[in-house]
Amino acid sequence: MKKIKDIWQGAEACAYGAMKAGLDFFAGYPITPSTEIAEYLSAMMPKKGKTFIQMEDEIASIVALAGASMAGAKAMTSTSGPGYSLMQEGIGYACMVEAPLVVCNVMRGGPSTGLPTKVSQGDVMQSRWGTHGDHPAIAISPSSVQEMYSMTIEAFNLAEQYRTPVTLLTDETITHMREKIEIDPDKDPPLVRRLCPTCRENYLPYGTFVDDVPVIANLGDGYGTSVTGLSHHDDGFQTADYSISRALIERLSRKVEKHSKEIFDIEVWNEKASIMLVCYGITSRSVKALLARNKECGGGLDIGMVRLKTLFPIHEETLWNSLAHAKHIMVPELNLGQIVHEVKRIVGHQIPVSLISKTGGELINPDELCEEVVKINHAR
Amino acid sequence: MQGEQYLNPKRIPTIWCPGCGNGIVVHAMMTALDKLSVPSEDVIFVSGIGCSSRTATYAACDNIHTLHGRALPVATAIKLVRPDKKVIVMSGDGDSLAIGGNHLIHAARRNIDLTLIIFNNSIYGMTGGQVSPLTPSGKRGTTAPYGSIEEQFDTVKLLEGAGASYIARSGVSFFQPTVKYMKNAVSHNGFAVVEVITQCPIYYGRMNKHKSPAEMMQWQKENMVSLEKAEKMTEEERSSKILMGEFVCKEKPSYIEKRASMFKELCK
């Protein structure tokens with residue numbers, strides 16, 4: 001791959017990142033505002049001998065990913081709110097059978113058909129608790145076209161490393177906007193691929209672990225691999241045994257949670273400021289604009305930013321350390337308050353936390369943000 | 001038993017009730033594979049949820065037991081990743097025609113190279129005897145205690161309309177024809193379906209006053225006729241019978257073949 005310096009759409013950067021990550025299989029269903037990602041890939045993939053298939057719905061798409069993944073492919077889909085809701089049962093299946101896969105959810109206004117062409121951050125908690133039962137969740141949040149590229153690669157790496165679905169939780173604006181992108185293939189992260197067994201003797205698909213992640217043969221390799229969404233034994237056969245089922249459910253979450261420190265990634269500006277804004281995705285662009293303007297005007301407001309590049313899992317100590325000195329925390333979100341509750345839970349009653357909420361399909365502009373910050377500044 | 005190398009002995013006995021016909025369907029498939037001399041490493045069994053879907057988990061081959069209704073899209077993806085393997089879907093009437101109905105017609109439309117066996121016991125067995133899209137109109141289930149007022153699907157007509165290139169129907173009382181159709185289905189290029197009528201004596205039988213599994217199998221003998229025999233019958237005689245045989249067997253480019261030519265064209 002050559003070096004690239006260009007103006008790209010977020011969707012194009014995501015498609016390109018997926019190809020760079022080694023995408024073998026894409027299955028999806030058209031839905032605004034994610035469709036461009038599928039369109040780009042439908043043109044790119046066949047030229048490389050990779051399979052792009054438009055399925056009959058999102059349910060078919062997500063389970064196709066699980067099948068392709070268990071047969072050894074790096075698999076991905078892209079969707080938006082209604083489609084993401086339809087995929088939830090399949091995402092739970094992928095968690096249970098430990099199928100690495102990437103779901104790019106381009107958030108639009110909800111609930112229901114809502115605002116198909118407008119931005120939102122309403123699916124944050126769906127990316128954590130969308131499917132039923134206790135399960136691990138990894139969701140990462142790009143805030144630029146550049147990150148649509150780099151975080152797509154990261155999503156594949158996390159999926160392969162932990163054998164679990166990963167949500168690239170982006171939004172209508174990041175996906176549709178065009179801005180500068182620079183790609184230097186030498187600076188891309190190394191690609192991760194799941195481990196596979198090399199010996200058939202005494203092989204058990206869920207019996208050998210590296211750091212709690214099973215070493216499973218790909219379907220088709222003829223190891224006699226058994227896979228089921230039922231609670232299962234180390235040989236992949238169903239069981240309703242209490243201790244086996246409990247150990248399985250606990251391990252599934254543990255394999256991700258115990259690495260939350262290395263997975264959790266934040267960007268901090270003005271780390272010593274007394275008012276800290278905790279943000280993610282497109283909303284962080286408004287925060288950055290406000291911070292830049294404040295600096296230009298002589299820094300009248302003592303404000304800083306913690307941008308969550310990872311939404312789940314949250315490493316609580318890391319987040320707390322970045323906020324512990326603050327006198328007030330503000331959380332701007334394009335919803336009625338989702339990640340704000342995580343922040344409140346983590347900082348407890350020690351620091352006041354307030355939500356800056358906007359719904360209805362419009363971005364929070366830096367002026368609105370400034371007004372809210374000034375109010376808090378005066379009150380203090 | 002012929003074909004037992006395809007079964008995992010550690011997983012037997014099955015969960016199936018005494019008198020259930022599912023074991024006969026499985027035996028027919030294993031016999032067909034044995035007759036075709038397919039190595040067990042070359043087969044991947046895929047299934048959804050339900051009594052018959054447990055079949056995949058009893059196989060000694062690679063197997064994946066998926067979500068209710070979703071075996072076909074999972075199998076489609078596996079075939080696309082491993083076109084060198086025989087991918088066989090074992091499904092029930094509820095799994096493939098109700099919750100999985102959308103996937104069924106689209107798998108047929110794509111003519112994707114899969115074998116689908118539909119175990120038609122006319123009822124939801126796993127959940128305890130509810131009516132399915134293949135419960136004959138008027139027959140009873142726990143959710144239709146006064147008899148079903150819905151029409152059942154004709155699987156053959158449905159699949160033919162949707163584009164499947166191999167469609168056969170049989171019953172567990174006709175073992176050798178069932179093996180033959182399964183052999184032909186597994187060897188076929190494209191989407192191949194065998195519907196096998198089987199008995200659920202515990203739920204369907206009890207709800208509909210069948211005395212025993214043997215009586216239900218005898219009922220098949222009396223009510224299913226081959227396409228050849230049916231030709232000699234009058235319209236009226238035929239209308240009360242269930243036809244069995246190979247309804248569709250045609251050559252048309254399969255999805256895997258079409259993908260291969262697209263790749264070849266683009267990668268030139």
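Order of the sequence lines sets the chain letters (A, B, ...), proteins ahead of strands, with each chain counted from 1. Keep in mind that this is a model prediction, so the values were computed, not measured.
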For this session: Take B/His103 and A/Val63 through the test side-chain contact (heavy atoms from CB on, under 4.5 Å) and record every step on the way to the result.
Result: CA-CA 11 Å; B/His103 309 312; A/Val63 296; 5.8 Å; no
For this session: Could you tell me whether A/Tyr40 atom OH has more than 12 heavy atoms of other residues or ligands within 6.0 Å of it?
Result: yes
Exercise. Does the pair A/Asp235/B/Lys10 count as a salt bridge with the N-to-O cut at 4.0 Å?
Worked result: no
Exercise. Does a salt bridge link B/Arg110 with A/Glu56, judged by any charged N lying under 4.0 Å from a carboxylate O?
Worked result: yes
Problem set entry | Over 12 foreign heavy atoms within 6.0 Å of NZ, B/Lys258 | no
For this session: Return yes when atom CZ of A/Arg246 has more than 12 non-hydrogen atoms of other residues, nucleotides or ligands closer than 6.0 Å, and no otherwise.
Result: no
Exercise. Of the backbone (N, CA, C, O) and the side chain (C-beta and beyond), which part of A/Phe25 lies under 4.5 Å from a heavy atom of chain B, both, or neither?
Worked result: side chain
Exercise. Under a 4.5 Å heavy-atom cut-off, does chain A meet the side chain of B/Arg82, its backbone, both or neither?
Worked result: side chain
Seminar exercise, completed: With chain A, the option among B/His106, B/Lys79, B/Glu41 that has the most non-hydrogen atom pairs under 4.5 Å is B/His106
For this session: Between chain B and each of A/Glu89, A/Lys47, A/Lys48, count heavy-atom pairs under 4.5 Å; write down the option with the most.
Result: A/Glu89
Seminar exercise, completed: When the 4.5 angstrom heavy-atom criterion is applied to B/Tyr255 and chain A, the contacting part is side chain
For this session: Select one option (side chain, backbone, both, neither) describing which atoms of A/Met55 are under 4.5 Å from chain B's heavy atoms.
Result: both
Seminar exercise, completed: OH (A/Tyr93) and NE2 (B/His65) are apart, to the nearest 0.5 Å, by 8.0 Å
Exercise. Checking side-chain contact (heavy atoms from CB on, under 4.5 Å) for the pair B/Leu80/A/Ile53: CA distance, chi angles, key distance, verdict?
Worked result: CA-CA 10 Å; B/Leu80 289 167; A/Ile53 185 166; 4.0 Å; yes
For this session: Calculate, to the nearest 0.5 Å, the distance between atoms CG and CD1 belonging to A/Leu230 and B/Ile49 respectively.
Result: 5.5 Å
Exercise. Looking only at atom types and distance, does a side-chain atom of B/Asp62 sit under 3.5 Å from a main-chain N or O of A/Thr225, one as donor and one as acceptor?
Worked result: yes
For this session: Would you mind telling me which of B/Val74, B/Ile105, B/Thr76 has the largest number of heavy-atom pairs within less than 4.5 Å of chain A?
Result: B/Val74
For this session: Flag the one option from A/Gly224, A/Gly220, A/Gly90, A/Gly92 with the top tally of heavy-atom pairs under 4.5 Å to chain B.
Result: A/Gly220
Problem set entry | Top contributor to chain B interface from A/Ala27, A/Ala64, A/Ala217, A/Pro46 [non-hydrogen pairs under 4.5 Å] | A/Pro46
Problem set entry | Side chain / backbone / both / neither for B/Thr66 at chain A, heavy atoms under 4.5 Å | both
For this session: State the CD1-CE distance between B/Ile44 and A/Met70, to the nearest 0.5 angstrom.
Result: 11.5 Å
Problem set entry | Euclidean distance, B/Arg54 CZ relative to A/Phe237 CZ, rounded to 0.5 Å | 7.5 Å
Problem set entry | Rounded distance (nearest 0.5 Å) linking atom OG of A/Ser226 with atom CZ of B/Arg11 | 3.5 Å
Exercise. CD of B/Glu150: more than 12 outside heavy atoms within 6.0 angstrom?
Worked result: no
For this session: Sort A/Ala60 into side chain, backbone, both or neither according to what part of it lies under 4.5 angstrom from a heavy atom of chain B.
Result: both
For this session: Provide the closest heavy-atom pair for B/Ile78 versus A/Gly67 in the form atom of the first, atom of the second, distance.
Result: CG1-O, 3.4 Å
Seminar exercise, completed: side-chain contact (heavy atoms from CB on, under 4.5 Å) test vs B/Ile64 passes for just one of A/Val97, A/Leu219, A/Thr228, namely A/Leu219
For this session: Would you indicate whether A/Asp134, at its atom CG, is surrounded by more than 12 heavy atoms from other residues, nucleotides or ligands within a distance under 6.0 Å?
Result: no
For this session: With a 4.5 angstrom heavy-atom cut-off, could you sort out which part of A/Asp24 is near chain B: side chain, backbone, both or neither?
Result: neither
Problem set entry | Pick from A/Met96, A/Gln238, A/Lys50 with the largest number of heavy-atom pairs that fall under 4.5 Å of chain B | A/Gln238
